[in-house]
Participant: 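Input: one structure, supplied below.
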Amino acid sequence: MTSQIPSAPPRTSRPLRVLAAMSGGVDSAVAAARAAEAGHDVTGVHLALSANPQSFRTGARGCCTIEDSRDARRAADVIGIPFYVWDLAERFREDVVEDFIAEYEAGRTPNPCLRCNEKIKFAALLDKALALGFDAVCTGHYAQVITGADGVRELHRASDMAKDQSYVLGVLDDRQLAHAMFPLGDTVTTKDEIRAEAERRGLAVAKKPDSHDICFIADGDTQGFLASRLGKAEGDIVDESGEVVGSHEGAFGFTIGQRKGLRIGTPAPDGKPRYVLDISPVDNTVTVGPAAALDVTALTAVKPRWCGAAPSGAGTYTAQLRAHGGETEVTAELVDDRLHVSFTEPVRGVAPGQAIVLYDGSRVVGSATIAATERVAALT
């Protein structure tokens with residue numbers, strides 16, 4: 001389902017009607033508080049993303065449990081803003097959970113948090129917010145939206161690179177950015193300082209642990225979750241020559257670059273660790289080999305999304321390939337809606353299904369989904 005987001009209203013000095021997405025964590029609570037303190041008319045909303053919230057992670061490890069909704073409500077009460085719970089469980093299941101399963105089944109490695117931002121927070125939620133007369137959606141992401149002299153809004157990295165989350169926002173287009181607000185992105189503060197601010201504001205979530213895991217996988221066992229949905233399917237683990245060196249219970253349970261949990265009975269001739277090099281859903285085979293065989297020199301990516309106008313011609317950028325990964329220099333060119341990227345130096349562990357996000361300095365240019373890679377040592 002394609003989101004139809006209208007153009008942004010004219011920017012004025014008037015306070016904005018802001019819908020603050022409150023996960024129940026400390027970041028979104030402080031973001032909502034800062035928006036209210038800045039004089040905006042803020043309403044808090046918690047997204048109910050599961051028809052059975054008890055099945056999501058508890059113990060303050062996720063962002064979608066009943067206890068999280070209660071934490072969000074208490075924070076809104078302290079801030080002094082209205083608060084609602086909106087049920088987006090069906091949309092979340094279709095656009096995030098089912099997509100996650102289908103991508104792994106096809107041998108690719110998805111990023112569900114990035115998909116949630118694209119399809120839920122800045123599509124389904126934003127659509128509903130705009131229909132109700134809100135001007136912007138506010139979240140606790142660490143990123144900046146900067147408005148230039150020409151009125152164009154750009155997505156930039158957070159002031160503090162250690163907390164920057166612009167990678168998972170790289171799927172936002174210019175119209176979505178026109179209605180985005182990230183109050184935490186332009187301040188250089190440590191997470192301890194954010195927690196101290198929450199405590200000063202009387203927010204009980206000040207000491208709540210951060211969520212790091214996939215919220216819809218209750219026990220953190222991704223392989224087990226996929227097996228319960230797709231069923232176990234025994235297959236071979238082979239080396240680069242095609243020799244069988246082990247077995248598995250489903251190729252969908254692996255990702256490119258994986259080293260642990262391979263259950264290989266035959267050691268490598270050189271005694272060094274082996275890594276997943278390739279996943280073939282067609283014959284249910286997983287290929288393993290040395291770390292050097294993971295070196296990628298180029299890739300092709302599809303479904304590009306631009307934070308502004310699409311670039312024309314070949315250009316030099318920096319790229320980020322994982323949510324917590326570093327930057328690498330690349331040359332990229334858009335040809336027939338496919339992004340062709342060459343790396344200045346080889347990089348490892350690049351998996352189809354992952355997102356590549358391009359940057360021009362601190363500005364996010366756009367993103368695309370990796371479809372294929374080229375390696376230094378091509379598989380035979």
Participant: Name all pairs fulfilling the salt bridge (Lys or Arg N to Asp or Glu O under 4.0 Å) condition that reach into residues 101-115, sequence neighbours left out, sorted by first residue then second.
Facilitator: D99-R115, E103-R108, R115-E118

Participant: Filter on salt bridge (Lys or Arg N to Asp or Glu O under 4.0 Å), then keep only pairs touching residues 73-88, sequence neighbours left out; what's left?
Facilitator: D71-R74

Participant: Could you name each residue pair satisfying ring-ring contact (aromatic ring centres under 6.0 Å, His included) that touches residues 224-258, not counting sequence neighbours?
Facilitator: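 Of all non-adjacent pairs touching residues 224-258, those that pass ring-ring contact (aromatic ring centres under 6.0 Å, His included) are F216-F225, H248-F254.
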
Participant: Give the minimum heavy-atom separation between T318 and E327, together with the two atoms involved.
Facilitator: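 Closest pair (atom of T318, atom of E327, distance): OG1-OE2, 3.4 Å.
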
Participant: How about E329: does its CD atom have over 12 heavy atoms from other parts shown lying under 6.0 Å from it?
Facilitator: no

Participant: Between V276 and T255, which heavy-atom pair has the shortest distance, and what is it?
Facilitator: CB-O, 3.4 Å

Participant: Within the 4.5 Å heavy-atom criterion, are V288 and L277 side-chain neighbours or not?
Facilitator: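 No, side chains not in contact.
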
Participant: Between the side chain of D360 and the main-chain N/O of R363, is any donor-acceptor distance below 3.5 Å?
Facilitator: no

Participant: Taking only residues two or more places apart in sequence, or in another chain, which ones meet D160 in a side chain to side chain donor-acceptor pair (under 3.5 Å)?
Facilitator: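 D160 satisfies side chain to side chain donor-acceptor pair (under 3.5 Å) with K163 once adjacent residues are dropped.
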
Participant: Y359 versus Q320: any side-chain heavy-atom pair under 4.5 Å?
Facilitator: yes

Participant: Closer than 4.0 angstrom, basic N to acidic O: yes or no for R93 and E90?
Facilitator: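 Here R93 pairs with E90 in a salt bridge, since their nearest N and O are under 4.0 Å apart.
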
Participant: Would the distance check show the side chain of Q223 and the main-chain N or O of G253 forming a donor-acceptor pair, the cut-off being under 3.5 Å?
Facilitator: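 Here the side-chain-to-backbone pair exists.
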
Participant: Same cluster or not: F134 versus L172, using hydrophobic residues (I, L, V, M, F, W, Y) connected whenever any side-chain heavy atoms lie under 4.5 Å apart?
Facilitator: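 Yes, F134 connects to L172 through the hydrophobic network.
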
Participant: To the closest 0.5 Å, what do you measure between NZ (K119) and CG (N117)?
Facilitator: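 The NZ atom of K119 sits 12.5 Å away from the CG atom of N117.
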
Participant: Testing the basics here: between A368 and P304, what is the closest heavy-atom pair and its distance to 0.1 Å?
Facilitator: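 It is CB-CA, 3.9 Å.
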
Participant: Side chain to side chain donor-acceptor pair (under 3.5 Å) with K191: which residues, sequence neighbours excluded?
Facilitator: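 Side chain to side chain donor-acceptor pair (under 3.5 Å) list for K191, sorted by chain: D27, D210.
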
Participant: When hydrophobic residues are tied together by side-chain contacts of less than 4.5 Å, even through go-betweens, does L49 share a cluster with V137?
Facilitator: yes

Participant: Apply side chain to side chain contact (heavy atoms under 4.5 Å, CB included) to Q165 and list each qualifying residue two or more places apart in sequence or on a separate chain.
Facilitator: H141, Y142, V168

Participant: Can L226 be reached from I217 by stepping across I, L, V, M, F, W or Y side chains whose heavy atoms are under 4.5 Å apart?
Facilitator: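 Yes, I217 and L226 fall within the same hydrophobic cluster.
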
Participant: Ignoring hydrogens, what is the shortest heavy-atom contact between T297 and P346? Give both atom names and the distance.
Facilitator: CG2-CG, 4.4 Å

Participant: Which residues pass the side chain to side chain contact (heavy atoms under 4.5 Å, CB included) test with A196, not counting sequence neighbours?
Facilitator: R200

Participant: Using a distance-only test with no angle check, is there a side-chain donor-acceptor pair under 3.5 angstrom linking S69 and H46?
Facilitator: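 On atom types as modelled, these side chains do not qualify, holding no pair under 3.5 Å.
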
Participant: Please evaluate residues L125 and V45 with respect to the criterion side-chain contact (heavy atoms from CB on, under 4.5 Å), reporting the C-alpha separation (whole Å), side-chain torsions for both, the decisive distance (0.1 Å), and the verdict.
Facilitator: CA-CA 10 Å; L125 176 62; V45 62; 4.2 Å; yes

Participant: Given the rule that I, L, V, M, F, W and Y join up when any side-chain heavy atoms are under 4.5 Å apart, are I214 and Y104 in one cluster?
Facilitator: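 Yes, because I214 and Y104 connect within a single hydrophobic cluster, where side-chain heavy atoms sit under 4.5 Å apart.
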
Participant: In sequence, state the C-alpha distance, the side-chain angles, and the governing distance for F182 and Q144, and then conclude on side-chain contact (heavy atoms from CB on, under 4.5 Å).
Facilitator: CA-CA 6 Å; F182 307 122; Q144 299 183 77; over 6 Å; no

Participant: For the backbone of I356 and the side chain of Q354, can you confirm whether one donor and one acceptor N or O come within less than 3.5 Å of each other?
Facilitator: no

Participant: E199: which residues meet the side chain to side chain contact (heavy atoms under 4.5 Å, CB included) condition with it, sequence neighbours left out?
Facilitator: A206, K207

Participant: Do the side-chain N and O atoms of R305 and Q176 include a donor-acceptor pair separated by under 3.5 angstrom?
Facilitator: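 Looking only at side-chain atoms, Q176 and R305 do form a donor-acceptor pair, the distance falling under 3.5 Å.
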
Participant: Tell me whether R34 contacts the main-chain N or O of P183 through its side chain, where contact means a donor paired with an acceptor under 3.5 Å.
Facilitator: yes

Participant: If two hydrophobic side chains count as joined below 4.5 Å and joins carry through other members, does W306 share a cluster with Y167?
Facilitator: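 Each belongs to a different hydrophobic cluster.
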
Participant: Are the side chain of D174 and the backbone N or O of C307 linked by a donor-acceptor pair below 3.5 Å?
Facilitator: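 Not at all, since once roles are kept as given, no pair shorter than 3.5 Å links the two residues.
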
Participant: Taking the side chain as C-beta and beyond, is there a heavy-atom pair between S23 and D68 under 4.5 Å?
Facilitator: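 Sidechains of D68 and S23: no contact.
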
Participant: May I have the list of side-chain donor-acceptor pairs in residues 279-286 shorter than 3.5 Å, sequence neighbours left out?
Facilitator:
{"unit_1": "S280", "atom_1": "OG", "unit_2": "D283", "atom_2": "OD1", "d": "2.8"}
{"unit_1": "D283", "atom_1": "OD1", "unit_2": "T285", "atom_2": "N", "d": "3.3"}
{"unit_1": "D283", "atom_1": "OD1", "unit_2": "T285", "atom_2": "OG1", "d": "3.1"}
{"unit_1": "N284", "atom_1": "OD1", "unit_2": "A251", "atom_2": "N", "d": "3.1"}
{"unit_1": "N284", "atom_1": "ND2", "unit_2": "A233", "atom_2": "O", "d": "2.8"}
{"unit_1": "N284", "atom_1": "ND2", "unit_2": "E234", "atom_2": "O", "d": "3.0"}
{"unit_1": "T285", "atom_1": "OG1", "unit_2": "D283", "atom_2": "O", "d": "3.3"}

Participant: So, S367 side chain and V357 main chain: donor-acceptor pair closer than 3.5 Å or not?
Facilitator: no

Participant: Taking side chain to side chain donor-acceptor pair (under 3.5 Å) as the definition, give me every residue that meets it alongside R348, ordered by chain and number, with sequence neighbours left out.
Facilitator: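 Per chain and number, R348 pairs via side chain to side chain donor-acceptor pair (under 3.5 Å) with D295.
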
Participant: Side chain to side chain contact (heavy atoms under 4.5 Å, CB included) with E243: which residues, sequence neighbours excluded?
Facilitator: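 For E243 the side chain to side chain contact (heavy atoms under 4.5 Å, CB included) partners, ignoring immediate neighbours, are D239, S241.
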
Participant: Should V18 and D41 be marked as a side-chain contact (heavy atoms from CB on, under 4.5 Å) after you check the CA-CA gap, both sets of side-chain angles, and the distance that decides it?
Facilitator: CA-CA 6 Å; V18 175; D41 179 7; over 6 Å; no

Participant: Run the side-chain contact (heavy atoms from CB on, under 4.5 Å) test on K208 and V26 for me, step by step, so that the C-alpha distance in whole Å, both residues' side-chain angles and the decisive distance to 0.1 Å come before the verdict.
Facilitator: CA-CA 7 Å; K208 185 174 181 178; V26 62; 5.7 Å; no

Participant: Using modelled atom types and a 3.5 Å cut-off, is there a donor and acceptor pairing between side-chain atoms of R322 and backbone atoms of G349?
Facilitator: yes

Participant: Check the pair E98 / R229 against salt bridge (charged side-chain N to carboxylate O under 4.0 Å, His left out), numbers first and verdict last.
Facilitator: CA-CA 10 Å; E98 295 300 333; R229 267 64 175 181; over 6 Å; no

Participant: Short question: side chain of R153, backbone of A180 - any donor-acceptor pair under 3.5 Å?
Facilitator: yes

Participant: Specify the closest pair of heavy atoms between G24 and S28, including all atoms of both residues, with the distance to one decimal.
Facilitator: N-OG, 3.9 Å

Participant: Quick check against the 3.5 Å criterion: does D150 have a side-chain atom that pairs as donor or acceptor with the backbone of V152?
Facilitator: yes

Participant: What heavy-atom pair brings I79 and M22 nearest, and what distance separates the two atoms?
Facilitator: CD1-CE, 4.3 Å

Participant: Please enumerate all residues that pass side chain to side chain donor-acceptor pair (under 3.5 Å) together with T331, with sequence neighbours excluded.
Facilitator: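 Partners of T331 under the side chain to side chain donor-acceptor pair (under 3.5 Å) test: none.
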
